[in-house]
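Only this structure's heavy atoms are used, side chains among them; waters, hydrogens and symmetry mates stay out. Just so you know, these numbers come straight off a predicted model, no measurement behind them.
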Amino acid sequence: MSVPITKLPSGQRPRERLLTLGPHALSDSELLAVLLRQGRKGESALDMAAEMIAEHGGIAGLAAARPEELSRRAGVGEAKAAAIIAAFHLATRARNSPETAPRLDGVADIVRVALPLFAGARVERLLVLVCDAQNRLRHKVFVAEGAIDQVAVPVREILNTVLRHDGRAFAVVHNHPSGDPVPSFDDRRATSLLIESAHTVGLRFLDHVVIAGERWASAAPLHRSTQ
């Protein structure tokens with residue numbers, strides 16, 4: 001049976017280790033356990049943290065999880081799910097501050113940012129990368145999710161997301177779980193519609209990238225190559 005964190009020697013408890021040694025001394029599971037605070041019957045917060053990270057394929061997958069997805073797990077609930085989501089988003093905002101935010105000046109920059117967010121994804125998801133007027137990344141927002149190869153491109157929701165976050169430019173990324181990154185006819189048609197709609201509301205469209213594992217391709221009219 002798992003030993004509750006409160007029964008561990010103080011030098012082994014995640015919160016005490018964080019306060020005495022600093023966050024860099026803690027493993028991913030220990031950091032998550034600090035957020036969870038306590039586990040459930042028969043499972044400590046450390047055990048629960050390790051299992052959650054494994055279930056989502058790592059920290060990047062956990063960071064991309066939806067609140068309702070996390071809250072469904074036994075012992076988590078809405079309050080802990082909200083705390084986890086909030087912690088990841090605070091970290092994202094810190095990384096995307098004006099001093100540290102990456103610039104999305106080309107398709108390779110977009111791929112570098114997006115690839116980790118799709119690790120292990122089994123269904124199509126659609127990501128919007130919101131940028132400022134200098135193409136500096138401000139927000140990463142998933143706006144749609146669907147069955148394999150069936151996610152729609154919600155143009156209005158994409159533009160509303162950019163405007164809601166005070167964006168001036170944006171890129172769109174979605175994945176093909178089939179393993180083939182070649183954009184479909186519908187992908188290219190949606191891209192053309194996004195370009196026209198963005199121009200209408202005064203936004204700058206950067207690119208529409210399709211990801212399949214480690215491979216990718218642009219669905220924008222000027223890009224035809226596949227990587």
Side-chain angles (χ1 to χ4, degrees), residues 60-61 63-67 85-119 121 123-146 151-176 181-227:
R66 295 167 299 169
I85 296 295
F88 278 121
H89 277 266
L90 280 173
T92 297
R93 293 183 185 185
R95 288 195 301 271
N96 293 342
S97 66
E99 296 79 13
T100 60
R103 287 176 60 101
L104 304 187
D105 290 328
V107 65
D109 300 320
I110 295 169
V111 172
R112 191 177 304 113
V113 168
L115 265 181
L117 303 180
F118 288 91
V123 298
E124 281 203 28
R125 306 182 75 186
L126 195 147
L127 172 71
V128 178
L129 301 176
V130 183
C131 300
D132 64 13
Q134 284 74 46
N135 291 358
R136 290 190 297 251
L137 182 64
R138 285 291 174 263
H139 296 281
K140 295 175 278 189
V141 185
F142 280 99
V143 298
E145 180 173 298
V151 69
V153 177
V155 174
R156 179 176 297 182
E157 177 62 22
I158 290 170
L159 297 181
N160 285 342
T161 297
V162 179
L163 294 171
R164 188 166 61 246
H165 288 93
D166 297 321
R168 296 295 179 268
F170 70 98
V172 174
V173 184
H174 82 275
N175 61 313
H176 280 182
V182 175
S184 66
F185 172 78
D186 287 338
D187 291 337
R188 295 197 182 279
R189 182 175 60 180
T191 302
S192 297
L193 182 57
L194 274 170
I195 293 172
E196 295 174 5
S197 301
H199 178 73
T200 300
V201 296
L203 296 174
R204 188 167 63 259
F205 174 80
L206 301 178
D207 215 314
H208 178 188
V209 179
V210 181
I211 285 176
E214 295 296 320
R215 302 172 64 208
W216 57 268
S218 173
L222 297 180
H223 297 276
R224 296 295 179 183
S225 61
T226 301
Q227 300 293 324

(message) Within the 4.5 Å heavy-atom criterion, are Glu124 and Glu145 side-chain neighbours or not?
(response) no
(request) Considering non-hydrogen atoms only, spot the tightest contact between Asn175 and Val123 and give its length. (result) ND2-O, 3.0 Å
(request) Flag the pair Phe170 / Leu104 as yes when at least one side-chain heavy-atom distance between them is below 4.5 Å, and no otherwise. (result) no
(request) Given side chain to side chain contact (heavy atoms under 4.5 Å, CB included), test Arg164 with Glu157 step by step and report yes or no. (result) CA-CA 10 Å; Arg164 188 166 61 246; Glu157 177 62 22; 3.8 Å; yes
(message) Return the CG to CG distance between Asp207 and Leu194, rounded to the nearest 0.5 Å.
(response) 11.0 Å
(message) For Pro181 versus Ala217, what's the shortest heavy-atom pair and its separation?
(response) O-CB, 3.5 Å
(message) With a 4.5 Å cut-off on side-chain heavy atoms, are Val210 and Ser184 touching?
(response) no
(message) Ignoring hydrogens, what is the shortest heavy-atom contact between Glu214 and Leu115? Give both atom names and the distance.
(response) OE1-CD1, 3.8 Å
(request) Answer yes or no: is there a side-chain heavy-atom contact under 4.5 Å between Leu163 and Leu203? (result) yes
(request) Output the distance between atom CZ (Arg125) and atom CD1 (Ile211), rounded to the nearest 0.5 Å. (result) 12.0 Å
(request) Give, for atom CG of Leu117 and atom CZ of Phe142, the distance between the pair rounded to the nearest 0.5 Å. (result) 5.0 Å
(request) Flag the pair Val128 / His165 as yes when at least one side-chain heavy-atom distance between them is below 4.5 Å, and no otherwise. (result) no
(request) Starting at CG of Asp105, measure out to CD1 of Ile110 and round the result to the nearest 0.5 Å. (result) 9.5 Å
(request) To the nearest 0.5 Å, tell me how far Leu193 CG sits from Arg189 CZ. (result) 9.0 Å
(request) Look up atom CD1 in Ile158 and atom CG in Leu126, then write down how far apart they are to the nearest 0.5 Å. (result) 5.0 Å
(message) Side chains of Phe118 and Leu127, heavy atoms from C-beta outward: is any pair under 4.5 Å?
(response) yes
(message) For His176 versus Ala212, what's the shortest heavy-atom pair and its separation?
(response) O-CB, 3.6 Å
(request) State, yes or no, whether a side-chain contact exists between Arg204 and Asn135 at a heavy-atom distance under 4.5 Å. (result) yes
(message) I'd like to check the side-chain contact (heavy atoms from CB on, under 4.5 Å) partners of Ser192; sequence neighbours left out, ordered by chain and number.
(response) none
(message) Tell me the closest heavy-atom pair linking Leu206 and Ala171, and the distance in Å.
(response) CB-CB, 4.1 Å
(request) Verify, without hydrogens or angle tests, whether Arg188 (side chain) and Asp186 (backbone) share a donor-acceptor contact under 3.5 angstrom. (result) no
(request) Over 60° means perpendicular and under 30° means parallel, so classify the ring planes of His208 and His174, tilted if in between. (result) tilted
(request) Indicate the atoms forming the closest heavy-atom contact of Asp109 with Arg112, along with that distance. (result) OD1-NH1, 2.9 Å
(request) For the residue pair Val107 and Trp216, establish whether any side-chain heavy-atom pair is separated by less than 4.5 Å. (result) yes
